[in-house]
Amino acid sequence: MREPVRAIDLLDWYDRHARALPWRVGPAARKAGLRPDPYRVWLSEIMLQQTTVPAVKSYFLDFTTRWPTVQDLAAAPDEEVMAAWAGLGYYARARNLLKCARLIAGDFGGQFPTDLDTLLTLPGVGPYTAAAVASIAFDVPATVVDGNVERVMARVHDEHTPLPTAKAILTDYAAALTPQDRPGCYAQAVMDLGATICTPRNPACGLCPWRKGCAAWDAGTAAELPKKEPRKKKPTRLGIAYLARRVDGAWLLERRPDKGLLGGMLGWPGSDWNDAPKEDPPIRAEWKALNTEARHTFTHFHLRLTVKTALVPMDRTPQRGEFIELSDFRPADLPTVMRKAFDLTQSK
DNA sequence: AAACCGTGGTC
DNA sequence: TGACCAAGGTT
């Protein structure tokens with residue numbers, strides 16, 4: 001007979017093994033009555049959407065240093081925030097981040113709502129993030145369901161239904177376990193368990209506080225759960241990027257429209273990305289293709305980008321984009337694919 | 001409701 | 001190289 005899985009056992013484990021993270025108030029301090037700043041909880045949760053903890057850390061420190069409060073962030077210019085987000089990916093998050101910050105600073109008097117329904121109305125805040133903010137910042141007993149929780153629940157219940165079909169049942173399992181006491185610590189504890197013990201590969205079941213209640217442990221199936229529907233193969237698309245350098249060192253760049261891929265970000269003028277991209281240089285010049293192409297993989301396709309360069313005189317006007325002075329140009333402000341193209345012009 | 005939306009690490 | 005994976009949300 002298997003023992004029941006209980007929140008209290010996970011909380012005891014969390015009290016001893018909680019990860020120290022820049023946005024986290026640890027279990028001891030929380031027991032003393034401390035809670036994290038809701039602004040920092042919200043900001044970290046947006047950054048952590050489909051993004052690893054190591055990738056987020058430096059961005060979180062940079063954002064909270066430059067914009068310590070939601071009012072500071074709300075007052076920041078769009079371009080500065082987009083540049084600060086560059087490299088983190090999923091740029092709609094940054095656009096929604098600003099929308100949300102301005103909404104909170106304006107309509108909400110600077111205070112984040114504490115209830116799920118209101119949180120869900122905020123741009124960029126879905127079921128996971130609403131539950132995370134409610135529980136972690138306010139100790140509302142809401143249930144977080146992220147990839148970690150799905151994996152832990154699939155294993156505890158030895159659920160073989162593949163995702164995403166299994167999402168609803170796994171959510172029910174997770175909700176049934178959420179305690180009324182210390183829901184904020186509990187939410188972080190399940191995710192810590194998934195991140196450090198109940199990992200996708202080679203789970204450390206020997207160290208798991210829930211092993212005695214885990215159906216997959218009994219069945220020996222932990223490592224193969226959760227099941228997932230097979231993914232589609234990514235097609236390869238081709239493209240051309242035009243990197244024009246003016247004789248004074250300025251670079252020709254173009255702000256991308258808010259909608260679509262890399263929306264709102266700075267980038268090199270270029271062709272569409274498809275099977276047969278058309279030549280469409282942004283300024284009259286002698287273009288030379290580099291011998292190496294920039295390769296980059298997006299969420300749903302591979303890109304092979306031909307990089308063309310040209311040196312142009314001071315008095316020539318571009319048809320698209322605008323020249324940015326060398327002193328104002330930082331490659332780190334570009335999304336990664338654009339930075340890769342730039343890096344190719346700097347090598348050798 | 002399936003498709004779209006980034007990136008870096010790992011195996 | 002390539003496939004998989006990571007604290008999802010929007011349309």
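Chain identifiers are assigned alphabetically (A, B, ...) following the order of the sequence lines, protein sequences preceding nucleic acid strands; residue numbering begins at 1 within each chain.
Evaluation of the salt bridge (Lys or Arg N to Asp or Glu O under 4.0 Å) test over residues 90-100 of chain A, restricted to residues two or more places apart or in two chains, returns none. Identified under the ring-ring contact (aromatic ring centres under 6.0 Å, His included) test for residues 168-227 of chain A, with sequence neighbours left out: A:His157-A:Tyr173. Within the structure, the salt bridge (Lys or Arg N to Asp or Glu O under 4.0 Å) test picks out the following pairs touching residues 194-223 of chain A (sequence neighbours left out): A:Arg2-A:Asp218. For residues 62-77 of chain A, the salt bridge (Lys or Arg N to Asp or Glu O under 4.0 Å) pairs, not counting sequence neighbours, are A:Asp62-A:Arg66, A:Arg66-A:Glu80.
Listed by residue number, A:Pro335, A:Thr336, A:Val337, A:Arg339 are the residues of residues 332-341 of chain A with a heavy-atom contact under 4.0 Å to DNA chain B. Residues from residues 261-272 of chain A placing a heavy atom under 4.0 Å of any atom in DNA chain B, listed by number, are A:Leu261, A:Leu262. At a non-hydrogen distance threshold of 4.0 Å, A:Leu21, A:Trp23, A:Arg24 from residues 21-30 of chain A come into contact with DNA chain C.
Where DNA chain B meets chain A (any atom under 4.0 Å from a heavy atom), the bounding nucleotides read 5' to 3' are B:dA3 to B:dC11.
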Using atom names, set out every protein N or O paired with an N or O of nucleotides 4-6 of chain C below 3.5 Å, distance rounded to 0.1 Å.
residue	atom	partner	partner atom	Å
C:dC5	OP2	A:Arg231	NH2	3.2
C:dA6	OP1	A:Arg151	NH1	2.5

Mind listing the N/O atom pairs, protein and nucleotides 9-11 of chain C, below 3.5 Å?
residue	atom	partner	partner atom	Å
C:dG9	OP1	A:Gly126	N	2.9
C:dG9	OP1	A:Gly126	O	3.3
C:dG9	OP1	A:Thr129	N	2.9
C:dG9	OP1	A:Thr129	OG1	2.7
C:dG9	OP2	A:Pro127	N	3.4
C:dG9	OP2	A:Tyr128	N	3.2
C:dT10	OP1	A:Gly124	N	2.7

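Judged as a salt bridge (charged side-chain N to carboxylate O under 4.0 Å, His left out), and not counting sequence neighbours, the contacts of A:Arg30 are A:Asp139. Taking A:His17 as the reference, nothing meets the side chain to side chain donor-acceptor pair (under 3.5 Å) condition, with sequence neighbours excluded.
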